Structures are given as structure tokens and as C-alpha cells.
Amino acid sequence: MRYGYGLPPSYTLIIAEKPRAAEKIAKALDPHAVKGRLRGVPYWVIRWNGRPAVVASAAGHLYSLYTDRRGWPVFEYRWVPRYVAEPGSSHTKRFLEALKVLAQRAHTTINACDYDIEGSVIGYLIIKFLLPGRRVFRAKFSSLTRSEILRAFRSLGSLDHEMVEAGLCRHELDWMWGINVSRAISDLMSDALGKKVILSAGRVQSPTLLRAVTRIIERRLFVPLPRFYPRVQVRVGNKLLGLEYDDEPFTSRSSAAEFVKCIREEGYVRVTEVRIEEKRVLPPHPFNLPDLQKEAGQILRFSPYTTQKLAEDLYLEALISYPRTNSQKLPPTLDNRGVLKALSRNPRYRSLIASLLLETRGILRPNNGPSYDPAHPAIYPTGEGSAKRLSKKHLALYDLIVRRYLATFAQPAVLRSVTVYVSACGRRFRISTLRVVREGWYRYYPYHRPREGEGIPQELLKRGAKIPVAKASYSIRYTKPPPPPTRLELLRWMESVGIGTESTRAEIIEVLFRRGYVVARSGRIDVSDLGLAVASLLQEFFPQLVEVELTRRFEEYVEAIRARKLRCREVVEEAKKVISGSLERFRSSYRKALEEVPSFIPVAGAGDRCRLCGRRAVSRSLCRIHLEAYRRVVEAYEEWRRAGFSKEEYLDRIRRLKSVGQYIREVVEALGSEILRELS
DNA sequence: GCAAGGTC
Ligand SMILES: [Zn+2]
């Protein structure tokens, strides 16, 4: 084997971000591409413009920032192969070794990683370490279709230095913040707890933790308030019909009773408005990952992380397109007819697809959404691969993706809603119903189909009509705390405030679990004492890191570096100053911070203890949080008193209501008589 | 060991 591995004596090396992309590039540039393997890693030998070339692949980041220094502050770091920094990632070693071999005879190299900031960094680091001194180009494509690849390779650019510098800088900033603050709080908690703990903090995970903590504290300190809702039934013919109250609730028993009395005396309600509306509901947008995670969460009860893992499997089986995308747009060049034809080989979809082709007369226009991704289109089924050997969960997710894809081409659904508003003693009630007039896309993707209601009697459909009252009363309901966070809710929050990426959000939520900051019981997230302590520490000593704004600043830096208005070195120097300053302040308040810990976590020998939980007491032998609960129980009574409750009745209800916050319940159960005295 | 970002 003269050239070894069947490689040409010299060639251009084209580097893709992942094997799937390498394959597409190779086949677009040369339909006769020949596949080879090195260390199990695929590559393709092609002829391109009459010359030999090899298309090889990374597997995402193959290098990582690393330091061998211990302790903090630490600002010395360098790029090393990822398998050095993270011994768990042995596959990166195989990819790197394959690239090392393929690099030897390359005279020229093309960074053909995804055309986004990370792709620029991934390719740059490989070229820097394995291909020094070669001629370098950057391929810039916005999708991996044949025509777009050909276009990009006809107009290769020079290496995008600005983009690379911006990307490297983002990595450094995250590293400096994350590693330093993680080490600082790990040391502190280890000292406080008397055992070694490894904790973490970062630009994305810490605001997410704070979000969960804030919600949980709100729930634990929640005192429900009484609200009174009128209940009215009217008589139409010989039928009784309940009205839905559509106005502000009453805040006292007496005002509600007075209102009921008024209605009874009046004896009728009057129809004030009849609203008949026909609404077109447009078909859904093609899936991006956040939408897929949301729908799979609500329809299939999958966690965002599960959905992502299953989608990655489907992608690797070639059943669906690349899933880690934010785009809601199908590629304009996608042969949808071909995909449908391939999909209808599956008996499960045959009749649906036949009806779709009929109703669209074969004109397949997707309802593309506004969300955009620089490197990948929306998720769609390829029609390739076999869905036969899939697990139940894989199959369920695949089915969701296929149906969503079909639905986006379908007709809008049409709903007809009738709402009758009636008024009684100056307050508004209503009765409404809904019918699906045209099924449209619900046929393909039925999960959003609304429940249809019963018809409304003719007598009510006349403005000014007087309808006799049959029954009137009121019921008491209590205000509700905000719902407990779920993984899906946290993910959607991260997306809405713009932190993390499609590839990282679900994983970062799992990090909060691994650190023991949060736990989940039947899907509902709860925060541990450790999570509360860490969130509070970060808020006090590293407030920038728990705020979403840090990401906005990073984005500004990245933009400025790309525009050459700033250089990475300046940004890093500035960040170093800020982080060093925070770390110094933390160091000088270390003893004070150490003393804060027992306010969150019961630890031995912490002096005066809370009588309810063993945390450090601040006053009246209560910890900070139980003292706050005590204050709120006392404060809330005023509203209950005005609603018509005695203080005994109040405490009794608080003991029994399920929505009462945990801290509130603990205080009332243990200190009922004390609170009763305070209320006098 | 700690981040966040890729992908297997
Ligand atoms: Zn306490």
C-alpha cells in the first residue's frame, strides 16, 4: 500500500463538523465519493475540480480549555485535546487521531464546519493544531443541500478570523467565570459542611437555578386568600343552564351574599351581547427543537432531555433531519413530494398522505415560522431509514415529527365559537360553545383540536333577552400559588430569555440535578437546601452570574469582536478585572459567607437554632425563612378578616388547605397559639 | 473537578 489507507499522495482536506455533514458535502462535490474508515471514523475520498480531496469530520468540539492549576483565582488556561481535559470522551480521541493521519498529506484545508460561530472555532482549532502552515479556506453554507454546498465551494472565503476570535473569546469568558466561581463556592461549602463537595456555577446554569429557587420560595411562602364567586343557573324551557362568572370575584362573604340576594330579587338576567366568531387556525410551523421539546413534553410526557436524546437517535438512524436547530423553516429546496412518497411506504401514514395530497392538490407549501437558525433548517422526516425496529418511545416521537410535518402543509382549521354575555346586578356572566367547522390540519396533528361544546339554546341568542334565574348562590375559592417548575418550564424560560442553545439547554438543566441543587418528584421540581444556599451565595457575592444580562453582554462582546471594534484580549482583560474583584471581595468576606451557610442548611454547632428546622435562628428562635413565614401569616389575616373570617377560622383553613406553602404550614402547625395571640 | 459549547 504505497500511499497508505488508499489516500492520494496529496490533496485538499475538507473538515466537516460531524460525519453526517461530511457525507453530504462529499456526495455533493463528487457523486462517486469513496468512503473509507480510520479508527472507525468515516472519511470520503473525492475528486473535486479535477483534483483529489478528502472530506473528513470532527465530532463537535475536539479541543477544550484546560488548566493544570488548582485553586482560585485562576486565569491560566490553554486549549488541549478534549480527551485530555475530559477522560470520559474517548470518541474524540478517535476522531482526532483520524484527522491527524488525514492531515499529513494535505496541502490545503477547508473549514467546512457549520457556518456559525462554534463551527468556526471547531475547524480553526483542528487546523491550528493539526494543519499548521497549510493554505486555509472557509466554506460558508446556510444549509447542507447539494446546490448550497456547490455554491459555497465555488466561492470559498478566507478563514473568518473575526468570527474565530469572537468564538474563542466567548469560550474563555465562560471558562473564567465558570471555573473560578465554581471553585470558590465549592471551597466555601466544603468548609461549611466539613466535607469535600464539588459544586458549579455558570452563565447559563446559575440564572436557571435562581429562577427555580425564586419560584419555589414563592410557593413555600404562599398564603392563599379567599375569593367568592357567584353561581347562577338560568331556566330555558324546562332545562337548567349554568352560567360562567366572567367578572372580578368578591373579596368578602357579605358582598357576595348581597350580590346573590340582588339576583334573586331581580329574578332574571339580561343578554347583553351575542358574539359569533369564525376563526381560521393556521397550520403549525415546522418543528425546531424547542417546539419539539414542548410538544413532546405536553403530548408524550417526555422531559426535554429525553426528547433531545430520542431525536438524536432518530437523526443518527437517518429517519429525521438534524434536530439541534432553532429554525422553523423547511429548506426551500427540499423535495417534499419525494419525502411524502417515501413516507407513504409506511402503512401508518399512507391514507393520511393520500388525503394531504388530495386536499393540497399536490401544492406543498409549509407554514414556515419566524424562528431562524444560521446553520440548520427545521426538523423534518427524511422518508429514509426504517422505523420498524424503533423502541416505543422513539416511535412515538417519530410519529409526532411526521404528523407535524404533514400538518404544516395542510389547510387551516376553522372554528366557530358562540359566546353569549349576560349581565345581572351589574356583573357579567357568559356561556360559550365551540365547534370545529373545518378539520383542516387537525386531521394530521390532532393534539391541538379543541373540545367541542354543546349548542346554546335559541332563547339566549338574542340581545336584550330576559332569561329567568333558577338558582343563585356563591362559592368560595382560594387563590393559588404559582405552579411548581418543571424541566419543560425551565427550558422554555431559558429559551424565552435567550440563554443556552438548542444543544445545551436540556443538558444544563440536568446539571442542576447532578449537583444536588434540585430534585424532582413526579415531574415537579423542588429545590434542596444546598440549592437555596448556593443561589443565595451567588446572588450576594457574584450577582452578575445569576443574571441573564451577562449573556447579553457576552453577545455584545462577540458582535464587537466580529466587527473588529474590540479585540478578544481587551475583553478578556476587562473580564479578568471584574472576576478578580469579585473573588477578592468574596475572599475577604469568606468568614461572613461561611456564617451565612447555617441560615440555609442545618449544620452542627451553629449556635442558636430555629425551633422548626434547626437552621440558624435570627430572631424569636426562628430562622430567616420561618420568621418571614410567620410575618406573612400574621399579615395575611387582615384580608381574611375583611372577608368575614374569625382568626380561629383563618388558622383552621390554613391548616387544611393544600395550596398553603410549606414554610407557612410549618409555622402555623407549630406556633398556632402564638400566632393567635399576635392576631388579637 | 469546576463552564458552555459542539456531537458520538
Ligand atoms: Zn426554620
Side-chain angles (χ1 to χ4, degrees), chain A residues 15-22 39-42 57-74 77 79 82-83 85-96 98 113-114 116-126 166-190 196-209 308-309 311-313 315-317 322-325 375-376 494 499-512 514-515 534 542 545 550-551 554-555 558 575 579:
Chain A
I15 301 166
E17 187 159 320
K18 43 192 174 271
R20 180 60 55 81
R39 306 278 282 117
V41 176
S57 171
H61 283 289
L62 298 181
Y63 293 88
S64 176
L65 283 172
Y66 178 74
T67 187
D68 25 35
R69 302 217 174 210
R70 300 158 72 90
W72 52 275
V74 55
Y77 47 78
W79 288 97
R82 221 194 110 194
Y83 62 83
E86 299 159 54
S89 63
S90 57
H91 72 280
T92 63
K93 191 169 184 183
R94 290 190 296 111
F95 276 85
L96 218 43
C113 293
D114 296 351
D116 55 25
I117 199 159
E118 294 302 327
S120 293
V121 171
I122 290 165
Y124 165 81
L125 289 169
I126 291 167
L168 292 170
C169 194
R170 202 276 310 148
H171 279 270
E172 292 184 40
L173 293 174
D174 270 323
W175 191 93
M176 291 192 294
W177 273 105
I179 300 298
N180 277 294
V181 177
S182 294
R183 288 181 176 186
I185 61 169
S186 296
D187 279 0
L188 184 94
M189 291 305 287
S190 298
K196 178 107 183 119
V197 287
I198 292 159
L199 302 178
S200 64
R203 171 177 60 83
V204 180
Q205 65 171 264
S206 295
T208 307
L209 172 64
Q308 176 157 352
K309 288 292 157 207
E312 279 162 8
D313 293 340
Y315 162 68
L316 292 174
E317 291 293 320
Y322 181 84
R324 290 179 287 260
T325 175
H376 303 282
M494 294 165 86
I499 60 174
T501 70
E502 278 60 47
S503 302
T504 60
R505 282 178 203 127
E507 175 63 32
I508 285 174
I509 291 170
E510 299 309 309
V511 169
L512 300 180
R514 278 207 291 282
R515 302 275 172 256
V534 166
F542 305 99
L545 199 58
L550 188 60
T551 297
F554 276 32
E555 287 163 353
V558 162
I579 296 167

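Any value given below was found using the heavy atoms of this structure, including those in side chains, with hydrogens, waters and symmetry copies removed. Throughout, protein chains are lettered first and strands after them, A, B, ... in sequence-line order, and every chain is numbered starting at 1. This is a predicted model, so every value here is computed, not measured.
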In whole Å, what is the span from the CG atom of A/Leu65 to the P atom of B/dA3?
13 Å

Please work out if A/Glu17 contacts a base, only the sugar-phosphate, or nothing of the nucleic acid, heavy-atom cut-off 4.0 Å.
sugar-phosphate

Categorize A/Arg203 for me: base, sugar-phosphate, or nothing, with a 4.0 angstrom heavy-atom threshold over every strand shown.
sugar-phosphate

Any A/Ser503 side-chain N or O less than 4.0 Å from OP1/OP2 of B/dT7:
yes

What does A/Ile185 touch in the nucleic acid at a heavy-atom separation under 4.0 angstrom: a base, only the sugar-phosphate, or nothing?
nothing

Once you apply a heavy-atom cut-off of 4.0 Å, does A/Ser200 come out as touching a base, just sugar-phosphate, or nothing?
sugar-phosphate

If you look at every strand shown and take non-hydrogen atoms under 4.0 Å, does A/Tyr66 touch a base, only sugar-phosphate, or nothing?
nothing

Scan A/Arg82 against the nucleic acid and name what it touches under 4.0 Å (heavy atoms): base, sugar-phosphate only, or nothing.
base

Nearest to the side chain of A/Asp114, heavy atoms from C-beta on, is which of B/dT7, B/dG5, B/dC2?
B/dT7

Would you say the side-chain atoms of A/Thr325 pair up with the backbone N or O of A/His376, donor to acceptor, closer than 3.5 Å?
yes

Just checking A/Glu312: base, sugar-phosphate only, or nothing, at a heavy-atom cut-off of under 4.0 Å?
nothing

Base, sugar-phosphate alone, or nothing: which one does A/Asn180 contact when heavy atoms must sit under 4.0 Å apart?
nothing

Under the side-chain hydrogen bond (donor to acceptor under 3.5 Å, both in side chains) rule, what pairs show up with a residue in residues 178-187 of chain A, not counting sequence neighbours?
A/Trp72-A/Asp187

With heavy atoms under 4.0 Å as the rule, sort A/Thr501 into base, sugar-phosphate or nothing.
sugar-phosphate

Tell me what A/Gly167 touches on the nucleic acid: a base, only sugar-phosphate, or nothing, going by heavy atoms under 4.0 Å.
nothing

Under 4.0 Å, heavy atoms only, any strand: does A/Gly60 hit a base, just the sugar-phosphate, or nothing?
base

Identify whether NZ of Lys or CZ of Arg in A/Lys18 sits under 6.0 Å from the centre of the six-membered ring of A/Tyr322 and within 45° of that ring's axis.
yes

On DNA chain B, does the nearest nucleotide to A/Ile198 precede the nearest nucleotide to A/Lys18 from the 5' side, or the other way round? Give the residue.
A/Ile198

Check the distance between B/dC2's C1' and A/Phe542's CZ and give it to me in whole angstrom.
13 Å

Identify, between A/Ala58 and A/Val197, the residue whose nearest nucleotide on DNA chain B lies closer to the 5' end.
A/Val197

Can you tell me the distance, in whole Å, between the CD1 atom of A/Ile122 and the C1' atom of B/dT7?
8 Å

Please name all residues satisfying ring pair (Phe, Tyr, Trp, His ring centres under 6.0 Å) with A/Tyr83, sequence neighbours left out, ordered by chain then number.
none

A/His61 NE2 to B/dG5 P, straight-line distance once rounded to whole Å
9 Å

Beyond-backbone contact of A/His171 with A/Val121, side-chain heavy atoms, under 4.5 angstrom
yes

Distance test, side-chain N/O of A/Arg515 to OP1/OP2 of B/dC2, below 4.0 Å:
yes

Using a 4.0 Å heavy-atom cut-off across all strands, classify A/Ser89 as base, sugar-phosphate, or nothing.
nothing

